[in-house]
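Every chain is numbered from 1 and lettered A, B, ... according to where its sequence line falls, protein lines coming before strand lines.
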2 protein chains.
Amino acid sequence: MRLLGQEDKETLAMALDHSGQRATPQRETVFGVLLDQRDHPTADEVYARTKSRMPTISMATVYNCLETLVSSGLVKQVNIEREPTRYCPNLAPHAHFHCRDTGRVYDVPVPEGMMKDLAKVLPGEYSADSVELVFRGHLAKEKTK
Amino acid sequence: MRLLGQEDKETLAMALDHSGQRATPQRETVFGVLLDQRDHPTADEVYARTKSRMPTISMATVYNCLETLVSSGLVKQVNIEREPTRYCPNLAPHAHFHCRDTGRVYDVPVPEGMMKDLAKVLPGEYSADSVELVFRGHLAKEKTK
DNA sequence: ATTTGACTTAGAATTATTCTAATTCAGTAT
DNA sequence: ATACTGAATTAGAATAATTCTAAGTCAAAT
């Protein structure tokens, strides 16, 4: 485990301040958990990982912290097929791949131009502020990571 | 309200048979409800609409019928942001637009070529059998329908 | 020092969905 | 026609992720 670096702490503090919220040890720890292992953990998983660093934290607080991080814009929720919500600190535009065998979720980089093209399929009466792209299928071989 | 036409009944019977299941009045009625008003109803809404045509049907049966229809391939589930699952009998490849104001979901036709292009962003180790594309935002004016 | 309001916490409540166990039904074999 | 078989339906209980509630804690500002 790696603690939150000074740089990440600054980022967090600024983003929270910008949305009228405070940095707290719990929020820093949860954010650190997300940055540390970018495997799209569920709230349960975040709770378990956070608890090992901060044993007194409660599930409710984990939910609160995650919500705070999302509202500050540093973390995105990833919802796939009514499964428990997953959390993702990858702010670059990207798609997701959901493996039917393992249930794991992988980030898929999306080229700049593709996002532009996607916007074009929308008829004029719609104006979208977010696009979500999820692939589902299988991994060719075994992905070790 | 419009009853299930002979053609739709055939389609349903064939699809069910193909997946080793039987056509029943409940399944026909639920399917009719979905074809009748293609506004992506939730199970609750399907239940209410179906009950007005077949007052004795139960919620469990509605869930069972929806599951059956999905497994037969005639209906697709549409999941958006952990909201209750919606049901959609539109089999053509299409995207969805989720209005932040009303919560309504609209079908957005996607040109053939776009789907092809989307597949290309997937690195070789992934093989996708389904793609989900959801836009979220606002409608320019008021959409009356 | 005291107040204020934000934050954390444990546990209860909510809610969409699934499960269970009993009943009904349709088709087939007797 | 009648009995069997497995599928389908049903009411209600159970599940599980998330949200809510109400009480307690803390940090900053007066």
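The heavy-atom pair separating A:L91 from A:G73 by the smallest distance is CD2-O, 3.4 Å.
In this structure, B:L69 places its CG atom 15 Å from C1' of D:dT9, rounding to the nearest Å. In this structure, OH of A:Y63 is placed 17 Å from P of D:dT21, rounded to the nearest angstrom. As rounded to whole Å, 16 Å separates atom C1' of D:dA17 from atom CD1 of A:I80. Atom-to-atom, CD of B:E67 to C1' of D:dT9 comes out at 15 Å; the value is rounded to the nearest Å. Atom CD of A:E81 is separated from atom P of D:dA16 by 19 Å (rounded to the nearest Å). The CG atom of A:N64 sits 14 Å away from the C1' atom of D:dT25 (whole-angstrom rounding). Taking atom CE of residue B:M59 and atom C1' of nucleotide D:dT15, one finds them 16 Å apart after rounding to whole Å. Look at OH on B:Y47: it is 14 Å from P on C:dA16, rounded to the nearest Å.
Counting non-hydrogen atoms of neighbouring residues, nucleotides and ligands closer than 6.0 angstrom, the CE atom of B:M115 exceeds 12 such neighbours.
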Residues A:H94, A:H96; criterion ring-ring contact (aromatic ring centres under 6.0 Å, His included); working and verdict: CA-CA 7 Å; A:H94 63 283; A:H96 290 110; 4.6 Å; yes

From CA spacing to verdict: ring-ring contact (aromatic ring centres under 6.0 Å, His included), B:F97, B:F135: CA-CA 5 Å; B:F97 181 89; B:F135 298 93; 7.1 Å; no

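Using a 4.0 Å heavy-atom distance criterion, A:T56 is classed as a sugar-phosphate-only contact. B:T68 comes within contact range of no nucleotide atom at all, as no heavy-atom separation falls under 4.0 Å. Nucleic acid contact for B:T85: sugar-phosphate only, since backbone atoms but no base atoms lie under 4.0 Å from a heavy atom of the residue.
Under 4.0 Å is where a charged nitrogen must lie from a carboxylate oxygen, and between B:R100 and A:D129 at least one such pair does. Using a cut-off of 4.0 Å between Lys/Arg side-chain N and Asp/Glu carboxylate O, A:R86 and A:D44 are scored as not salt-bridged.
Considering B:T56, B:I57, B:V62, B:T68 as possible partners of B:Q26, the one that fulfils the side-chain contact (heavy atoms from CB on, under 4.5 Å) test is B:I57.
Mapping B:R82 and B:A60 onto DNA chain D via the closest heavy atom, the residue that lands nearer the 5' end is B:A60.
Set against D:dT9, C:dA16, D:dA17, the side chain of B:T61 has D:dT9 as its closest nucleotide. Closest to the A:A43 side chain, of the nucleotides C:dT17, D:dT18, D:dT10, is D:dT18.
Applying a 4.0 Å cut-off to non-hydrogen atoms, the residues of residues 18-29 of chain A that approach DNA chain C are A:Q21, A:R22, A:T24, A:Q26, A:R27, listed by residue number.
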